[in-house]
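Letters go in sequence order (proteins before strands), and every chain restarts at 1. We use all heavy atoms of the structure for the numbers below, so side chains are in, but hydrogens, waters and symmetry mates are not.
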Amino acid sequence: MNEMRTPPPNTASLLPRYHSKSSPRRCYSTITASTTNRNLNSWFTNYVDKTNVFSWNSVIADLARSGDSLEALRAFASMRKLALKPNRSTFPCAIKSCSALLDLLSGKQTHLQALLFGFHSDLFVSSALIDMYAKCRHLTDARKLFDETPQRNVVLWTSMITGYVQNNNGLEALLLFKEFLIQDDRLGEVSVDSVAVVSLLSACARVPQKGLTEAVHGFVIKKGFDGELGVGNTLVDAYAKFGAVGVSKKVFDGMVEKDRVSWNSMIAVFAQNGLAAEALEVFRGMIEESDVKYNSMTLSTVLSACAHLGALRVGKCVHDQVLKMGLEDNVIVGTSIIDMYCKCGRVEMAKKAFDSMKEKNVRSWTALIAGYGMHGLAKEALEVFYNMIRTGVKPNYITFVSVLAACSHAGLLEEGWHWFNAMSNQFNLDPGLEHYGCIVDLLGRAGRLSEAYDLVMKMKIRPDFVIWGSLLAACRIHKNVELGEISAWKLFDLDPTNCGYYVLLSNIYAEAGRWKDAERMRILMKSRGLVKPPGFSLVELKGRVHTFLVGDQEHPQHQKIYEYLEELSAKLLEVGYVPNMASVLHDVDEEEKEITLRVHSEKLAVAFGIMNSVPGATIQVIKNLRVCSDCHTVIKFISRIVNREIVVRDSKRFHHFKDGSCSCGDYW
DNA sequence: TCCTCCCTCA
């Protein structure tokens, strides 16, 4: 977009040709409605009296409003070069543009100029400055200005309160709001407005205090602000921040008027809370039942819902829409597209989308690295990472999570170690739980259990269930009872409702021939009333997502699917498949055995996919848990028997099954 | 004509 812009109107060719006598504002607004900034600037250059401060104000304001902050600042600079004296309306827009660009330097310069022209106590100017300093993370400067302004209006208060919220200091924001109320009280005024209330509610969403949002909601109703659009929008978000997604939906449904923010908020709430199907449903509602047009924010949220669901077809449609709307140069949208293709199993499409991006930020690079990593393509992931560094983009915490995860998925211990050390030595980043988790995983799988354990003991942060979980899993592979016990008992404390650890430890005992201990774990697990979370798998067919549960009897085609699986299993035995039920057969009681033997969702989903697609088509399945080892073996055989590529995304990574083998190399 | 809020990506 930048190269499309006209140069600022301070060049020789842009000298005024015509001095308008009529009100520039009136002409101006009729033109802006249908013109781009490019036309707008040339129009301005040709027809507006450039010695008129009011005209300049209009131009700066309009550019700032349309989001073209850079151009607004250029216009401001041009105006200053003409030695025109800015008035009190000039500064707020200029400052707002600095704040939108997070350009602290220009912000400070503009601040100085405002002082120079004597606007130090102007509320409009001060509010804009407080906002600018807060957005640029200079909260103390913002607060200083706030404190130095004796006559405060609601906008000034709101700017400061919002400043705290934006800097993640919800508590301070709440306290300041309280002060605001006290001031109102003292002056016998009611100046609190709906915008102030919106800031208050967004502060609530950042304070982990139970019942706070409800209480403030009550206050909002009492004050009569509950019908306000912005208030409703914020409530949708605030309730969801505490997991009360149902309440969010209720607020949303109860809103008489809904704008783009309302729809976007509701879609985002569902998408961010793992309810991707619901998110897509709301998006459908937005298109079909409202007159509200979606924008880039909507589409990036929808893309992330598609990524979660693995809904490739829907994702592709959204991608098409992005292209149609000319939003492909938007970094956030572009990054969402990369992530969507990666998580829908199409890394090569992700790479294509990545290559075509004009502007890439650290998240775009990280998305692609993570994408290659989850497909087991560690070499490619590292290659992208090196390119990123060469390009001069600074990797962050998450980038290193992606790099190390890529190494971990491919078993690249040496590279993993190197980058784990480099992150603190060269990049000044402290390793967090995720990074330790990857290294523990790498060491553990390589059989270097005592090193892994030493690392865990030396960690500066308290190891969590993921860390001990990797260690426990490694103990199972390498048959280490002692360390397995230590890890498992940590896990019983850290993640008490997860029964997987009991099963793992029980299996470790069983494999060591310690049947009594194995039995003891089973009993303990039972006495604590723990059950496995139900596994389910998703398959997208003709744009619809089908869900399968373990031992599913609900799906309309379930009978046919079971018949087909019967057919397949006969063929499987012919080609040499031996059912792997080692862990099932050991020492479970009958009832449990039956449960375990219920057909896993991934098998159902794969069968369904094959039955309903043309020969040769790739089957793609998404599972909420990790693929079990028996299913993994079976699917390998199936890929050979039916001569299909089968892609399974489980909770940890992708498996590409082809010709009887899997891309993970049985290492996952 | 000017200021403050709510929704997006790894």
Q) Base, sugar-phosphate alone, or nothing: which one does A/Glu228 contact when heavy atoms must sit under 4.0 Å apart? A) nothing
Q: Might you point out which heavy atoms bring A/Met357 and A/Ile338 nearest each other, and give the distance in Å?
A: SD-CD1, 3.6 Å
Q.
Could you tell me if A/Thr366 and A/Ser402 have a donor-acceptor pair between their side chains, going purely by distance under 3.5 Å?
A. no
Q) Which of the following nucleotides, B/dC9, B/dC3, B/dC5, is nearest to the side chain of A/Ser199? A) B/dC5
Q: Spell out yes or no: do the side chain of A/Ser127 and the base of B/dC3 have one donor N/O and one acceptor N/O closer than 3.5 Å?
A: yes
Q: Look at the side chain of A/Asn87 and decide which nucleotide, out of B/dT1, B/dC2, B/dC9, has an atom nearest to it.
A: B/dT1
Q: Look at all strands and tell whether A/Asp131 reaches a base, only sugar-phosphate, or nothing, counting heavy atoms closer than 4.0 Å.
A: sugar-phosphate
Q.
Nearest to the side chain of A/Ser300, heavy atoms from C-beta on, is which of B/dC2, B/dT4, B/dT8?
A. B/dT8
Q: Could you check how far NZ of A/Lys223 sits from C1' of B/dC5, rounded to whole Å?
A: 19 Å
Q: For A/Ser296, report the nucleic acid contact type (base, sugar-phosphate, nothing); a contact means any heavy atom under 4.0 Å.
A: base
Q. Have A/Thr298 and A/Asn264 got a donor and an acceptor in their side chains that come within less than 3.5 Å?
A. yes
Q: Tell me which residues in residues 144-153 of chain A put a heavy atom below 4.0 Å from DNA chain B, sorted by number, or none.
A: none
Q.
Rounding to an integer number of Å, can you tell me how far A/Asp193 CG sits from B/dT4 C1'?
A. 8 Å
Q. Whole Å only: how far is the CG atom of A/Asn167 from the P atom of B/dT4?
A. 16 Å
**Q.** Out of B/dC9, B/dC7, B/dT4, whichever nucleotide has its closest atom nearest the side chain of A/Ser304
**A.** B/dC9
Q: Take the protein atom CD of A/Gln166 and the nucleotide atom C1' of B/dC5, then report the distance between them rounded to whole Å.
A: 9 Å
Q. For A/Asp339 and B/dC9, what is the distance between atoms CG and P respectively, to the nearest whole Å?
A. 9 Å
Q: Please determine, for the side chain of A/Asp237, which listed nucleotide (B/dA10, B/dC2, B/dC7) has the closest atom?
A: B/dC7
Q: Round to the nearest Å and state the distance from A/Met266 atom CE to B/dC7 atom C1'.
A: 12 Å
Q) So what does A/Lys258 touch, heavy atoms closer than 4.0 Å: a base, only the sugar-phosphate, or nothing? A) nothing
Q) Of all residues at least two apart in sequence or in a different chain, which pass the side-chain contact (heavy atoms from CB on, under 4.5 Å) check with A/Asn273? A) A/Ala240, A/Val245, A/Val269
Q.
Among B/dC6, B/dC9, B/dC5, which nucleotide has an atom closest to any side-chain atom of A/Asn233?
A. B/dC6
**Q.** Integer-rounded Å distance: B/dC2 C1' and A/Met79 CE
**A.** 12 Å
Q) So what does A/Thr158 touch, heavy atoms closer than 4.0 Å: a base, only the sugar-phosphate, or nothing? A) base
Q.
From C-beta outward on A/Thr335, which listed nucleotide comes closest to its side chain: B/dC5, B/dC9, B/dT1?
A. B/dC9
Q. Who pairs with A/Asp259 by side-chain contact (heavy atoms from CB on, under 4.5 Å), at least two apart in sequence or on another chain?
A. A/Leu229, A/Asn233, A/Val261, A/Ser262
Q: Would you check if there is a donor-acceptor pair between the side chains of A/Asp131 and A/Ser159 at a distance under 3.5 Å?
A: no
Q.
If I take atom CD1 in residue A/Ile338 and atom P in nucleotide B/dA10, what distance separates them, rounded to the nearest angstrom?
A. 11 Å
Q | A/Asn87 side chain vs A/Thr90 backbone, donor-acceptor pair below 3.5 Å | A | yes
Q) At under 4.0 Å between heavy atoms, what does A/Asp122 touch on the DNA or RNA strands: base, sugar-phosphate, or nothing? A) nothing
Q) For the side chain of A/Phe124, counting heavy atoms from C-beta on, which of B/dC6, B/dT1, B/dC3 is nearest? A) B/dC3
Q.
Counting only side-chain heavy atoms from C-beta out, which of B/dT1, B/dT8, B/dC3 sits nearest to A/Lys96?
A. B/dC3
Q. Less than 3.5 Å between a donor and an acceptor, one on the side chain of A/Asn396 and one on the base of B/dA10, is that the case here?
A. yes
Q | Donor on one side chain, acceptor on other, A/Asp237 and A/Thr234, under 3.5 Å | A | no
Q | Shortest side-chain distance from A/Ala370, nucleotide among B/dC3, B/dT8, B/dA10 | A | B/dA10
Q. Do A/Gln183 and A/Trp157 get their side chains close enough for a donor-acceptor pair, meaning under 3.5 Å?
A. yes
